[in-house]
Amino acid sequence: MVDIKDYDCAYENKWCPGCGNFSILSSMKEALVKLDISPEQILIVSGIGQAAKTPHFLKCNMFHTLHGRALPIATGAKVANHDLTILVNSGDGDCYGEGGNHFISAVRRNIDLTLLVHNNQVYGLTKGQASPTSDPGMITPLQPSGVISSSFNPLAVALSLGGGFVARGFTGDPEQLSGLIQQGIMYNGFALIDILQPCISFNKVNTFGWYKKRVYDLSKEGYAPDSFEKAIQLSMEWGEKIPTGILYKKEGVSFTERIETLKSGTLLSREYDPMAVEKVIGRI
Amino acid sequence: MGFDLSIKVGGEAGQGIQTVGDIIAAVCGSAGMYLMAINDFESRVRGGHSFFQIRISDTCVNAPSLEISLLLALNKRTYELHKGEMTDGGMILGDSEIFSEDKDVTCVPANDLAAKAGGKIFSNTVMAGACLSLLGAPFEVFRKVLTERFKSKGSDIVEKNVTAARLGYDAVEDTDFRLAPEWTSLDSKGMIINGAQAVALGALAGDCRLAAFYPMSPATSVMRYLTGMAEDFPIIVEQVEDEIAAVNMITGASFAGVRAMTSTSGGGFCLMVEGLGLAGITETPIVIVNAQRPGPATGLPTRTAQGDLQFVINASQDEFPRFVFAPGTPEEAFQLTIKAFHLSQKYQVPAIILTDQHLHDSLFIADRGAFNIPREIERFIINDSDMENPAEYKRFAFASNGISPRALPCMGKAIVRATGNEHTEDGHISEDAENRFKMVNKRNAKISRMVSELNPPEALYADSRIILAEWGSPKGAVRESVDIMRDDGLDVGCLHFSELWPFPAEEVRKMLKGKDIITVEQNSTSQLSRLITEQTGIFSKGSVLRYDGRPFYPEDIAEEIKTNME
């Protein structure tokens with residue numbers, strides 16, 4: 001049995017004390033332990049940002065990559081060895097801003113990974129600029145007259161592209177979050193978990209209290225996440241009330257399952273065959 | 001009696017120039033001719049002006065030639081544009097409906113004959129037939145080529161094409177073409193192949209497992225061939241959302257343990273540069289093909305150039321070791337692609353293959369003997385059983401030769417961590433000054449051994465006073481220009497650079513010391529010349545440069561050098 005201590009890592013944590021990321025980190029560990037996945041068996045890929053530092057703070061195989069590029073890197077690793085269990089840690093700027101095109105494409109591919117977006121509606125690493133999910137009107141040192149663009153709605157976008165596992169978590173409810181991560185990992189396909197995470201240093205609007213007052217857990221309201229129409233409606237709900245939990249879930253065929261070549265085993269496990277090359281050259 | 005003649009097929013995009021050209025080339029190649037063909041086209045699907053030019057000879061040819069012996073004009077514009085290129089005794093062939101007024105054109109009623117064969121659509125086959133008839137090509141070979149080419153479309157289409165071919169062939173039966181070659185030896189001299197196809201074959205022989213790409217001329221053809229040949233291989237060819245995704249996807253695949261590549265042109269390479277740096281600092285082997293075209297930005301999308309040498313050597317912020325190869329022929333493209341995969345794995349560095357539109361889209365007769373396939377693939381990967389204590393594994397352990405033993409993620413007790421930040425030996429972020437020195441030095445420590453893996457430039461008449469130095473695809477044209485100049489009594493030789501980086505400075509210094517060096521390059525600022533000076537302290541006397549997007553012709557190079565000598 002895997003123990004939560006197995007995930008201990010001596011590397012010094014570099015987040016601000018009180019950061020919502022700590023809650024995500026412990027929910028991740030708890031989810032992995034519950035699923036009996038050891039640190040040797042998990043690959044965590046991340047982009048750039050405070051969220052992307054996550055894999056340094058637990059014992060795991062990891063690739064901390066470039067701003068916005070975690071998803072293509074993770075996709076490449078999954079295609080090479082589809083037996084891997086892969087988690088991706090990203091942030092609202094990393095995933096929805098710099099990596100927007102990759103986010104869109106990952107949903108469309110339905111690549112079997114679990115994407116955790118630490119969504120604090122602000123840039124933390126670069127100290128307080130607006131992010132794609134900042135609410136219009138939010139004032140920052142670099143947007144002194146307030147954000148003038150409308151905000152990016154990751155859940156609605158994922159749903160509209162055919163996403164089959166679309167969920168929202170909140171760092172104030174670690175039990176729910178751990179459950180979502182477990183279900184995301186178990187889900188066969190691309191699982192998006194957008195996580196509301198207060199930034200105690202730079203977001204003075206969307207604070208812990210602000211979220212706490214608004215969020216409600218769909219599963220406690222008897223909601224069944226099997227209706228696309230209801231899910232779309234819920235994805236648009238933002239303001240006085242903010243739904244959390246799984247908005248939509250449907251079974252599908254994942255990217256690597258759709259590729260004929262992979263039916264005979266992972267790319268990594270296959271033998272090199274010089275005779276096959278010889279045959280191709282012979283045909284020219 | 002030797003022969004050397006060029007056939008030009010010209011018309012609008014969409015008229016089937018390339019199909020006619022390919023068929024003529026296939027017949028000539030199958031019937032024992034040496035050949036070389038260039039493909040000149042505009043960035044449009046319909047209209048404009050394009051041509052396909054095939055040079056056939058009884059000796060090996062690797063460059064196009066200026067004078068045309070047989071011009072197949074599919075429209076009036078081709079005739080107007082190219083009639084001045086005709087050699088003495090040359091013939092122009094055209095459709096009677098277009099050229100009835102032009103006395104210097106040998107007319108064939110292409111549409112009427114095509115209608116007899118089964119429809120207007122066969123008029124190109126009629127013209128190809130007339131062309132091959134004038135050349136004296138054996139009809140049986142022609143029939144075989146058509147059968148092979150159209151068999152997937154059914155026997156009816158094959159039959160109609162053969163009928164159309166025969167009608168075209170017979171239409172000019174009584175016309176004498178005095179430049180027609182002799183068809184004595186019908187044994188094929190090698191395989192008909194273009195550079196893109198050779199790169200694709202090299203990728204298969206190099207055990208590439210993932211090829212991710214975003215379409216861009218002239219690079220897409222590598223992926224098209226790979227897709228076509230990949231059926232029996234454990235390889236995935238995947239079109240992705242952009243070039244940034246392509247380079248990062250192959251980096252992720254390589255991190256997880258398979259060989260992976262992408263192909264693009266300069267503009268796409270620009271987008272990949274950030275990913276190149278990630279592969280550099282995380283010591284992840286990847287192979288990138290940059291098929292050059294004139295730029296910057298969109299430049300001349302369907303044409304050829306060599307403007308990216310200094311760019312790819314230096315691309316990315318800061319510094320890290322990499323390999324750069326520049327094949328000059330399909331044989332080299334095949335061999336160097338295999339070598340790029342092998343060395344990038346061995347040294348855990350990115351490898352870049354610089355090709356160009358000319359190499360990718362031109363047809364050559366390649367020597368089958370040069371297509372040696374590795375019997376096995378060296379992996380350069382360790383696992384738990386190779387380690388004393390897998391739990392203590394450090395992916396970036398300080399190794400005196402710079403090569404830290406590489407394990408794969410999730411394959412045992414060893415934990416594998418990588419990051420694009422500067423890092424400790426075990427792959428965690430580190431801002432420590434001493435660690436930074438040691439990590440940069442570790443990566444750079446590979447360079448001296450990397451140089452020793454590379455072959456020195458290939459010399460022809462190395463003892464000559466004048467040495468033409470070139471890299472990549474101008475090889476054939478430069479070598480032929482040397483022969484032309486030597487026939488005129490000039491003491492000239494040449495040096496072909498195909499394994500360019502890390503630069504073999506010592507070898508090159510020895511080869512070039514005391515020579516009058518002239519570089520021949522398809523850029524406007526003599527990038528190879530600058531590189532030689534930077535690396536060896538030797539200055540060249542001048543350069544022959546072409547940057548109009550068209551390939552070099554041997555006669556032009558010889559002419560320019562002779563003029564400069566006077």
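Keep in mind the model is a prediction, meaning the values are calculated, not measured. Letters A, B, ... are given to chains in the order of the sequence lines, protein chains preceding strands, and every chain is numbered from 1.
- Under a 3.5 Å cut-off, the side chain of A:N61 and the backbone N or O of B:V416 do form a donor-acceptor pair.
- Counting heavy atoms of neighbouring residues, nucleotides and ligands inside a 6.0 Å radius, atom CD of B:E231 does not exceed 12 of them.
- One finds the CG atom of B:L278 at 14.0 Å from the NE2 atom of A:H67 (value rounded to the nearest 0.5 Å).
- Of all the listed residues (A:N101, A:T266, A:T75), the one sharing the greatest number of non-hydrogen pairs under 4.5 Å with chain B is A:N101.
- Contact annotation: the side chain of A:L43 approaches that of B:F255 to within less than 4.5 Å [non-hydrogen atoms, C-beta and beyond].
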Test side-chain contact (heavy atoms from CB on, under 4.5 Å) applied to A:H64 and B:R417, step by step: CA-CA 8 Å; A:H64 175 208; B:R417 290 188 200 90; over 6 Å; no
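- For chain B, the nearby part of A:T261 is the side chain; its heavy atoms alone come within less than 4.5 Å.
- Counting only heavy atoms from C-beta outward, the side chains of B:I429 and A:H56 approach each other to under 4.5 Å.
- Heavy-atom pairs under 4.5 Å with chain A peak, among B:K413, B:H423, B:E274, B:E238, at B:E274.
- Annotation for B:K394: atom NZ does not count as buried by contact number, only 12 or fewer foreign heavy atoms lying within 6.0 Å.
- Heavy-atom contacts from other residues, nucleotides or ligands closer than 6.0 Å to NZ of A:K5 number 12 or fewer.
- Here the closest non-hydrogen pair linking A:A80 and B:A253 is CB-O, 3.6 Å.
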Derivation and outcome, side-chain contact (heavy atoms from CB on, under 4.5 Å), residues A:R69 and B:I244: CA-CA 8 Å; A:R69 317 301 170 212; B:I244 300 172; 3.2 Å; yes
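- For A:A74, no part lies near chain B; criterion is any non-hydrogen pair under 4.5 Å.
- For the pair A:L262 and B:I236, the minimum side-chain heavy-atom distance is below 4.5 Å.
- Only the side chain of A:L84 comes within contact range of chain B, with at least one heavy atom under 4.5 Å from a heavy atom of that chain.
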side-chain contact (heavy atoms from CB on, under 4.5 Å) between B:M249 and A:V79, worked out: CA-CA 9 Å; B:M249 213 171 276; A:V79 167; 5.7 Å; no
Test log, rule salt bridge (Lys or Arg N to Asp or Glu O under 4.0 Å), inputs A:R108 and B:E241: CA-CA 11 Å; A:R108 288 179 53 221; B:E241 58 268 30; over 6 Å; no
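- Counting heavy-atom neighbours within 6.0 Å of A:K127 NZ, excluding the residue itself, gives a total of 12 or less.
- When heavy atoms are compared at a cutoff of 4.5 Å, A:F57 does not approach chain B at all.
- At a 4.5 Å heavy-atom cutoff, the contact between B:R368 and chain A is made by side-chain atoms alone.
- Ranked by heavy-atom pairs shorter than 4.5 Å toward chain B, the options A:R109, A:K78, A:K59 are led by A:R109.
- Heavy atoms closer than 4.5 Å to chain B are found nowhere in A:E260, neither backbone nor side chain.
- Around NZ of B:K346, the count of heavy atoms belonging to other residues, nucleotides or ligands within 6.0 Å exceeds 12.
- Without hydrogens or angle criteria, B:R209 side chain to A:R270 main chain gives a donor-acceptor distance under 3.5 Å.
- For chain A, the nearby parts of B:V240 are the backbone and the side chain; heavy atoms of each come within less than 4.5 Å.
- When heavy atoms are compared at a cutoff of 4.5 Å, A:L71 does not approach chain B at all.
- Within the 4.5 angstrom heavy-atom criterion, no atom of B:T424 approaches chain A.
- Side-chain contact between B:L201 and A:I281 is present, with at least one heavy-atom pair separated by less than 4.5 Å.
- B:M411 contributes atom CE, which lies 13.5 Å from atom CD of A:E40 (distance to the nearest 0.5 angstrom).
- A:C60 touches chain B through its backbone: at least one of N, CA, C or O sits under 4.5 Å from a heavy atom, while the side chain does not.
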Step-by-step side-chain contact (heavy atoms from CB on, under 4.5 Å) determination, A:D273 to B:F233: CA-CA 8 Å; A:D273 179 8; B:F233 292 83; 5.9 Å; no
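- Of the residues considered (B:I373, B:D426, B:L204), B:I373 shows the highest number of contacts with chain A, using heavy-atom pairs under 4.5 Å.
- A:F63 is listed as a side-chain neighbour of B:T251, based on a closest heavy-atom distance under 4.5 Å.
- The candidate with the highest count of non-hydrogen atom pairs below 4.5 Å against chain A, out of B:I235, B:V247, B:I281, is B:I235.
- For chain B, the option among A:V280, A:L66, A:N81 with the highest count of heavy-atom pairs below 4.5 Å is A:L66.
- Of the listed residues (B:G257, B:P374, B:G420), the greatest number of heavy-atom pairs within a distance under 4.5 Å of chain A belongs to B:P374.
- By number of non-hydrogen pairs under 4.5 angstrom with chain A, the leading residue of B:I193, B:T284, B:V258 is B:V258.
- The shortest side-chain heavy-atom distance between A:Q41 and B:C410 does not fall under the 4.5 Å cut-off.
- Proximity of A:L268 to B:L408: side-chain heavy atoms (C-beta onward) are separated by under 4.5 Å at one or more points.
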Check against salt bridge (Lys or Arg N to Asp or Glu O under 4.0 Å), B:R375 and A:E278: CA-CA 10 Å; B:R375 291 292 113 191; A:E278 218 152 72; 2.8 Å; yes
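- In this structure a side-chain-to-backbone donor-acceptor pair under 3.5 Å is present from A:Y272 to B:A205.
- Between A:Y11 and B:H428, the ring planes lie parallel to each other; the angle is under 30°, not in the 30° to 60° tilted range.
- Using a 4.5 Å cut-off between heavy atoms, B:S254 makes no contact with chain A at all.
- Proximity to chain A is limited to the backbone of B:A414, based on heavy atoms less than 4.5 angstrom apart.
- Taking 4.5 Å as the limit, every side-chain heavy atom of B:I415 sits out of range of all side-chain heavy atoms of A:M62.
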